[in-house]
2 protein chains.
Amino acid sequence: MRLTPAMERYVLHWGEMGARWSVNRSVAQIHALLYLAPRPLTAEEIADTLAIARSNVSMSLKELLAWGLVQRTPVRGDRRDHFEALRDNWEILTRIVEERKKREIDPTLSILRACAMEAAADGQTAAETRQRIEGLLEFLETLSLWYDQVKGLPRPVLVGLMRMGGRVARFVPRARVAGKRRARGG
Amino acid sequence: MRLTPAMERYVLHWGEMGARWSVNRSVAQIHALLYLAPRPLTAEEIADTLAIARSNVSMSLKELLAWGLVQRTPVRGDRRDHFEALRDNWEILTRIVEERKKREIDPTLSILRACAMEAAADGQTAAETRQRIEGLLEFLETLSLWYDQVKGLPRPVLVGLMRMGGRVARFVPRARVAGKRRARGG
DNA sequence: AACGGGTTTCAGTAATTTCTGAAATCTTCG
DNA sequence: CGAAGATTTCAGAAATTACTGAAACCCGTT
């Protein structure tokens, strides 16, 4: 398919962005192309449009399918595979976040737990260091818990929260303000 | 400085994590080391501990200083530079997010605006494609606005919100629920 | 079971990124 | 000013990552 200059700019930039987040350039470009394309494309069309090898397209599509960002769509009267990107921006965002959390944050939590235990037991790691590991573990666990709760909210509620911006602050109970539980009296 | 096995595990893992987020391994390892170290370290100590070249340490520290994650700390009676990592986890997180937003999200917004304008004017980009670019632009602008508001909240309020988890949903006004403004009436 | 269109795999090559060591520079002190 | 210690720079080496093309594979059709 023909890329208009606007599309080309978009695709190239997306490729760069991908690279900065450790998503390989071809993968990101293909994603961008499918996201923009007004109809499902075949692997070959993708290869031609982006001027990359057919085999590269194949591997990259496999990756995108694994992330759930692209799906195969059958097209009547054509036995080639056609591919189409997920279009809902919220859905795209949550898939990416979910996947990276699973691949990176969760393993990090395990390792931190292991480090914390080992440091507590080995009798040679400085107390300060131990506390730092434990503190980070706790911090990440809190964030992770928060994320698990928020991701479960219905989409419209999420959008509503977003729209409220900083105004949600109003609803944080005084007593909950960290470290201030007993502050009223003292 | 001597690394205990727990520290070594932590440092190595952090290096890997860095790599997956496009932070070079040495930079991430140095950050991890300084984060754990119970006292400020000299560049040479860092190089010895991690077994990497002195010059590499120098460049990496420069990077970490630029991110504001590490600072120089003078030590009485020693004219060498000593380095120390920022310890507050919230502060670390917000610095990283802020910096990456500035370097990656903001430029992306500019480019999307340019693409949207170009696509609207060129008379050859498919209507669907134009809408997709505009939709993404709007989506990212909303997120960006939300982030700007939330990052301005005082730390204790942020922590409070986090602790509330999904319960904040309760406070989203019905009328604000997206696309439902007129839904009450039927 | 052989053909043909389509797809995937993978070994080797190309490109990119990271790291090093030698040299240059800066800084402090006598 | 100049020596000694400390730091930074940078060209090239090493390591990593991405990409390609040829070959293998799959699967419906005849």
Side-chain angles (χ1 to χ4, degrees), chain A residues 1 11-34 40-67 70-84 103-104, chain B residues 1 11-34 40-67 70-84 103-104:
Chain A
M1 88 163 291
V11 167
L12 293 180
H13 177 74
W14 213 246
E16 287 315 301
M17 281 304 287
R20 285 179 188 258
W21 295 84
S22 299
V23 174
N24 130 351
R25 195 181 311 260
S26 310
V27 172
Q29 286 187 354
I30 292 173
H31 182 247
L33 173 61
L34 291 175
L41 303 178
T42 64
E44 198 167 1
E45 280 178 295
I46 297 172
D48 291 348
T49 308
L50 302 177
I52 59 185
R54 180 66 187 70
S55 55
N56 190 357
V57 172
S58 175
M59 295 301 256
S60 301
L61 283 171
K62 197 173 156 190
E63 179 93 11
L64 287 167
L65 289 166
W67 280 76
V70 159
Q71 66 189 113
R72 268 176 234 272
T73 342
V75 164
R76 246 183 73 84
D78 190 339
R79 71 193 179 83
R80 292 170 304 175
D81 282 343
H82 288 244
F83 299 88
E84 186 174 30
R103 298 185 192 189
E104 286 146 30
Chain B
M1 90 165 287
V11 167
L12 294 180
H13 178 73
W14 213 247
E16 287 315 301
M17 282 303 288
R20 286 180 187 259
W21 294 84
S22 299
V23 174
N24 129 351
R25 197 180 311 259
S26 309
V27 172
Q29 286 186 354
I30 292 173
H31 181 247
L33 174 60
L34 291 174
L41 303 178
T42 66
E44 199 166 0
E45 280 178 296
I46 297 171
D48 291 349
T49 308
L50 301 178
I52 61 186
R54 178 66 187 71
S55 55
N56 189 357
V57 173
S58 176
M59 296 300 257
S60 301
L61 283 171
K62 197 173 157 191
E63 179 92 11
L64 287 167
L65 289 166
W67 280 74
V70 160
Q71 66 189 111
R72 267 175 235 272
T73 341
V75 165
R76 246 183 71 84
D78 191 339
R79 71 192 179 84
R80 292 169 304 175
D81 282 344
H82 288 244
F83 299 88
E84 186 173 33
R103 296 185 193 189
E104 286 145 30

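Lettering of chains follows the sequences in order, A, B, ..., and the numbering in each one begins at 1. Please read all numbers here as calculations on a predicted model, not as lab measurements.
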Problem - Within residues 40-60 of chain B: residues closer than 4.0 Å to DNA chain C (heavy atoms) - result: B:I52, B:A53, B:S55, B:N56

Practice task
Flag the pair A:R72 / A:H82 as yes when at least one side-chain heavy-atom distance between them is below 4.5 Å, and no otherwise.
Solution key: no

Exercise for the section: Nearest whole angstrom, please: distance from the P of C:dG5 to the CG of A:D81. Expected result: 17 Å

Handout entry: Nearest-angstrom distance from the residue atom CZ of A:R79 to C1' of D:dC26
Key = 10 Å

Exercise for the section: Could you tell me whether the side chain of B:T42 reaches within less than 4.5 Å of the side chain of B:D81, counting heavy atoms only? Expected result: no

Exercise for the section: Could you tell me whether the phosphate oxygens of C:dT7, OP1 or OP2, come under 4.0 Å of any side-chain nitrogen or oxygen in A:K62? Expected result: no

Exercise for the section: Look up atom CD1 in A:I52 and atom CE in A:M59, then write down how far apart they are to the nearest 0.5 Å. Expected result: 13.0 Å

Completion exercise
Separation of C:dG4 atom P from A:D78 atom CG, nearest Å, is 19 Å

Completion exercise
Sorted by number, residues from residues 21-29 of chain A placing a heavy atom under 4.0 Å from DNA chain D are A:N24, A:S26

Practice task
With the side chain counted from C-beta on, respond yes when B:T49 and B:V11 share a heavy-atom pair under 4.5 Å apart, and no when they do not.
Solution key: no

Problem - Side chain proximity check, B:H31 to B:W14, heavy atoms < 4.5 angstrom - result: yes

Exercise for the section: Examine the side chains of B:S26 and B:S60 and answer whether a donor and an acceptor come within less than 3.5 Å of each other. Expected result: no

Practice task
Establish, yes or no, whether the cationic atom of B:R103 lies under 6.0 Å from the six-membered ring centre of A:W21 and within 45° of the ring axis.
Solution key: no

Fill in the blank from the handout: Ordered by number, residues from residues 12-20 of chain B within less than 4.0 Å of DNA chain C (heavy atoms) are none

Problem - Sidechain N-carboxylate O distance under 4.0 Å for B:E44, B:R54 - result: no

Handout entry: Any side-chain heavy-atom pair of B:V70 and B:E84 under 4.5 Å
Key = no

Problem - A:L61 vs A:L34 side-chain heavy atoms within contact, under 4.5 Å - result: yes

Exercise for the section: Whole angstrom is fine here: how far is it from CZ in B:R72 over to P in C:dT27? Expected result: 11 Å

Exercise for the section: Please tell me if the side chains of B:L65 and B:F83 come closer than 4.5 Å, counting only heavy atoms from C-beta onward. Expected result: yes

Handout entry: side-chain N/O A:R80 vs C:dG6 OP1/OP2, d < 4.0 Å
Key = yes

